[in-house]
Participant: 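The structure's right below; bear with me while I get my questions together.
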Amino acid sequence: MTNGSTFPPHRRFGGTLVVVLAALLAACAAGWLIWRSASGHGGDKPPKALPAASPASPDGRSGADGAPGKGGTSDAGGADGGGAGQGGDRDGKGDRTGPGGRTGTRLQGKVVLLDPGHNPHNRDHTREIARQVDVGNARKECDTTGTSTNDGYAEASFTLDVARRARTLLQAEGAKVVFTQDGDRPYGPCVDERARAGNAAKADAAVSVHADGAGDGNRGFHVILPARVTAGAADTSGIVGPSRELGERLAGRFVAATGSAPANYLGGGTGLVVRSDLGGLNLSRIPKVFLECGNMRDPKDAAQLTDPQWREKAARGIAEGITGFLTR
């Protein structure tokens with residue numbers, strides 16, 4: 001003004017507004033990343049190193065890749081009791097948070113069937129478990145005793161421990177978990193009954209936990225997928241596809257959780273094998289796979305299988321694989 005009076009200076013709102021908007025956008029981006037991580041998005045698919053499965057013949061041979069050892073999976077196995085909590089968690093339940101360290105409800109309303117292979121008491125009932133049962137395309141033993149490490153740690157003890165740990169993790173996410181046996185039966189159940197348990201529970205997914213008994217030098221895990229079998233009481237045509245997806249996710253998460261490599265003696269390095277001779281798969285009406293967590297007869301694998309901390313990792317890999325499949 002020319003009369004000598006002055007106005008108060010203008011306040012500069014533009015710069016302040018830009019700063020506020022930038023801070024708000026940064027906060028939103030950080031919140032989105034935290035939500036994505038907590039919800040498990042993007043972390044469930046298996047690594048590209050685990051492609052298609054190699055087919056296996058009924059005797060367990062996988063093309064030119066060899067065959068499981070004499071103690072390999074025959075549907076169900078193991079002596080020596082011992083159940084859960086050996087050397088680590090006293091109650092065998094492991095960490096009480098869900099996969100990824102969370103407690104939530106991602107599996108609310110879902111039913112999971114866990115089948116701990118064999119039974120610690122099978123060794124005392126060899127006559128009962130030797131009886132033949134119908135698996136659709138053949139007749140097989142009701143159950144077996146399973147294998148063990150060279151130092152006597154039984155597969156049946158291992159499978160119960162890992163399954164119990166996985167149960168705790170899955171329950172922490174809201175799942176209802178059904179067991180085929182919890183060390184509470186005199187023997188078995190038979191392989192056909194194990195399949196029927198999942199069917200009766202109308203489970204959304206089922207995993208049978210095992211460890212292999214191949215020779216020294218044969219290392220790594222593998223997942224057994226059901227072949228297409230339509231014979232007698234067996235009809236896997238409706239579960240072959242979803243079971244493969246379950247198996248692929250399980251293999252991927254097992255690698256990530258344990259650091260174990262796919263088997264070097266079958267499956268062509270994929271960690272996936274297809275079989276048509278297992279009653280637990282043949283008679284299933286729900287997505288189901290078998291997991292051989294390692295080879296009990298190899299000293300290096302045995303050192304992992306007998307380590308409670310490694311078994312907790314194995315359980316977490318199983319729980320994360322199942323969770324990824326059920327929340328896909």
Participant: Using atom types as modelled and distance alone, determine if a side-chain donor or acceptor of Asp212 lies under 3.5 Å from a backbone N or O of Cys293.
Facilitator: no
Participant: Evaluate the criterion salt bridge (Lys or Arg N to Asp or Glu O under 4.0 Å) for residue pair Arg311 and Asp307; output intermediate values, then yes/no.
Facilitator: CA-CA 6 Å; Arg311 294 198 299 270; Asp307 178 5; over 6 Å; no
Participant: Can you name the residues that form a side-chain contact (heavy atoms from CB on, under 4.5 Å) with Lys110, not counting sequence neighbours?
Facilitator: Leu107, Asp204, Leu326
Participant: Decide yes or no for Arg275 and Phe290: does some side-chain heavy atom of the first lie under 4.5 Å from some side-chain heavy atom of the second?
Facilitator: no
Participant: Could you tell me whether the side chain of Asp115 and the main chain of Ser208 form a donor-acceptor pair under 3.5 Å?
Facilitator: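 Not a single qualifying donor-acceptor pair exists.
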Participant: Return yes if some donor-acceptor pair links the side-chain N/O of Asp192 with the main-chain N/O of Val133 below 3.5 Å, else return no.
Facilitator: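 No.
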Participant: Let me see the working for Arg249 and Glu320 under salt bridge (Lys or Arg N to Asp or Glu O under 4.0 Å), right down to the final yes or no.
Facilitator: CA-CA 8 Å; Arg249 289 177 180 268; Glu320 288 180 353; over 6 Å; no
Participant: Does the side chain to side chain contact (heavy atoms under 4.5 Å, CB included) test come out yes or no for Lys313 and Ser260, once each step is laid out?
Facilitator: CA-CA 10 Å; Lys313 293 177 183 178; Ser260 295; over 6 Å; no
Participant: With a 4.5 Å cut-off on side-chain heavy-atom distances among I, L, V, M, F, W and Y, is there a chain of contacts connecting Phe179 to Leu291?
Facilitator: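 They do share one cluster, since a chain of ILVMFWY contacts under 4.5 Å joins Phe179 to Leu291.
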Participant: Do the side chains of Val135 and Leu281 get nearer than 4.5 Å, heavy atoms only?
Facilitator: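 Side chain of Leu281 against side chain of Val135, heavy atoms only: no contact under 4.5 Å found.
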Participant: List the residues meeting side-chain contact (heavy atoms from CB on, under 4.5 Å) with Pro242, not counting sequence neighbours, and say none if there are none.
Facilitator: Pro287, Phe325
Participant: Once rounded to the nearest 0.5 Å, what's the spacing between atom OG1 of Thr323 and atom CG of Leu169?
Facilitator: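 Reported value, rounded in 0.5 Å steps: 8.5 Å.
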Participant: Does anything in residues 229-239 form a salt bridge (Lys or Arg N to Asp or Glu O under 4.0 Å)? List the pairs, not counting sequence neighbours.
Facilitator: none
Participant: Specify the closest pair of heavy atoms between Val209 and Ile318, including all atoms of both residues, with the distance to one decimal.
Facilitator: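 Closest pair (atom of Val209, atom of Ile318, distance): CG2-CD1, 4.2 Å.
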Participant: With a 3.5 Å distance limit and no angle check, can you tell me whether Thr149 reaches the backbone of Gly152 through a side-chain donor-acceptor pair?
Facilitator: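 Present.
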Participant: Going by the rule side-chain contact (heavy atoms from CB on, under 4.5 Å), which residues pair with Asp134 if we only count those two or more places apart in sequence or in a different chain?
Facilitator: Arg139
Participant: Grouping I, L, V, M, F, W and Y whenever their side-chain heavy atoms are under 4.5 Å apart, do Ile322 and Leu113 come out in a common cluster?
Facilitator: no
Participant: Please lay out, stage by stage, how Val112 and Val178 fare under the test side chain to side chain contact (heavy atoms under 4.5 Å, CB included).
Facilitator: CA-CA 6 Å; Val112 176; Val178 178; over 6 Å; no
Participant: The test is side chain to side chain donor-acceptor pair (under 3.5 Å); show your working for Arg185 and Asn119 and say whether it passes.
Facilitator: CA-CA 8 Å; Arg185 296 176 58 117; Asn119 183 320; over 6 Å; no
Participant: How many angstroms lie between atom SG of Cys142 and atom CZ of Arg131, to the nearest 0.5 angstrom?
Facilitator: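 CZ of Arg131 is found 5.0 Å from SG of Cys142.
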Participant: Among side-chain atoms of Asp143 and Asn122, is any donor-acceptor pair under 3.5 angstrom?
Facilitator: yes
Participant: Quick one: does NZ or CZ of Arg219 land under 6.0 Å from the six-membered ring centre of Tyr265, within 45 degrees of the ring axis?
Facilitator: no
Participant: Under 3.5 Å, side chain of Glu155 to main-chain N/O of Gly117, donor-acceptor pair present?
Facilitator: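 Not a single qualifying donor-acceptor pair exists.
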Participant: Taking C-beta and beyond as the side chain, do Ser276 and Val229 meet within less than 4.5 Å on heavy atoms?
Facilitator: yes
Participant: Verify the neighbour count for atom CZ of Arg127: are there more than 12 heavy atoms of other residues, nucleotides or ligands below 6.0 Å?
Facilitator: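 No, not enclosed.
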Participant: Is there a side-chain contact between Gln181 and Pro116 in this structure, where contact means two heavy atoms from C-beta onward sitting under 4.5 Å apart?
Facilitator: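 Of all side-chain heavy-atom pairs linking Pro116 with Gln181, at least one is under 4.5 Å.
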Participant: State, with a plain yes or no, whether a side-chain heavy atom of His121 is found less than 4.5 Å away from one of Pro186.
Facilitator: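 A side-chain contact under 4.5 Å is absent here.
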Participant: What are the two closest non-hydrogen atoms of Ser243 and Val289, and how far apart are they?
Facilitator: O-CG1, 3.3 Å
Participant: Within the distance-only criterion (no hydrogens, no angle test), does the side chain of Arg106 pair as donor or acceptor with the backbone N or O of Thr327 below 3.5 angstrom?
Facilitator: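 Between the backbone of Thr327 and the side chain of Arg106 there is no qualifying donor-acceptor contact (under 3.5 Å).
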Participant: Between Asp184 (side chain) and Asp182 (backbone), is there a donor-acceptor pair under 3.5 Å?
Facilitator: yes
Participant: Any link between Met296 and Val162 through a network of hydrophobic side chains (Ile, Leu, Val, Met, Phe, Trp, Tyr) touching at under 4.5 Å?
Facilitator: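 Looking at the clustering, Val162 is in the same group as Met296.
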Participant: Report yes if the side chains of Glu245 and Arg328 come closer than 4.5 Å at any heavy-atom pair, otherwise no.
Facilitator: yes
Participant: Could you walk me through whether Asn218 and Arg297 satisfy the side chain to side chain contact (heavy atoms under 4.5 Å, CB included) test, starting with their C-alpha distance in whole Å, then the side-chain angles of each, then the deciding distance to 0.1 Å, before giving a yes or no?
Facilitator: CA-CA 8 Å; Asn218 294 322; Arg297 294 296 184 176; over 6 Å; no
Participant: Determine the minimum heavy-atom distance between Tyr153 and Phe158, stating which atoms define it.
Facilitator: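 Scanning both residues completely, I find the closest heavy atoms to be OH-CA, 3.3 Å.
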Participant: Between the side chain of Asp298 and the main-chain N/O of Gly215, is any donor-acceptor distance below 3.5 Å?
Facilitator: no
Participant: Identify, with sequence neighbours excluded, every residue that meets ring-ring contact (aromatic ring centres under 6.0 Å, His included) alongside Tyr187.
Facilitator: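 Partners of Tyr187 under the ring-ring contact (aromatic ring centres under 6.0 Å, His included) test: His125.
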Participant: Step by step, would you call Val207 with Val223 a side chain to side chain contact (heavy atoms under 4.5 Å, CB included)?
Facilitator: CA-CA 10 Å; Val207 174; Val223 180; over 6 Å; no
Participant: Looking at Leu278 and Lys140, what are the two nearest heavy atoms and their distance?
Facilitator: CD2-NZ, 4.0 Å
Participant: Excluding sequence neighbours, so at least two apart, what forms salt bridge (Lys or Arg N to Asp or Glu O under 4.0 Å) with Asp124?
Facilitator: none
Participant: When you measure from the side chain of Lys288 to the backbone N and O of Ile239, does any donor-acceptor pair fall under 3.5 Å?
Facilitator: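 Here the side-chain-to-backbone pair does not exist.
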Participant: Looking only at heavy atoms, what is the nearest atom pair of Arg285 and Asn282, with distance?
Facilitator: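 In this case the closest contact between Arg285 and Asn282 is NH1-O, 4.1 Å.
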Participant: For Ala156, is there any backbone N or O sitting under 3.5 Å from a side-chain donor or acceptor partner on Thr159?
Facilitator: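 At least one qualifying donor-acceptor pair exists.
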Participant: Would you say Glu248 and Leu225 make side-chain contact, with heavy atoms under 4.5 Å?
Facilitator: no
Participant: Nearest 0.5 Å, what's the CG-NE2 distance between Asn295 and His222?
Facilitator: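 The NE2 atom of His222 is 9.5 Å from CG of Asn295, to the nearest 0.5 Å.
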Participant: Enter the distance from Thr258:OG1 to Glu312:CD here, rounded to the nearest 0.5 Å.
Facilitator: 12.5 Å
Participant: Any side-chain heavy atom of Thr236 within less than 4.5 Å of one from Thr230?
Facilitator: no
Participant: Please say whether more than 12 non-hydrogen atoms of neighbouring residues, nucleotides or ligands are located less than 6.0 Å from CD in Gln309.
Facilitator: no
Participant: So if you build clusters from Ile, Leu, Val, Met, Phe, Trp, Tyr with side-chain heavy-atom gaps below 4.5 Å, do Val274 and Leu283 land together?
Facilitator: no
Participant: To check you understand the geometry: which heavy-atom pair defines the closest contact between Ile286 and Ala203, and what is its length?
Facilitator: CG2-O, 3.3 Å
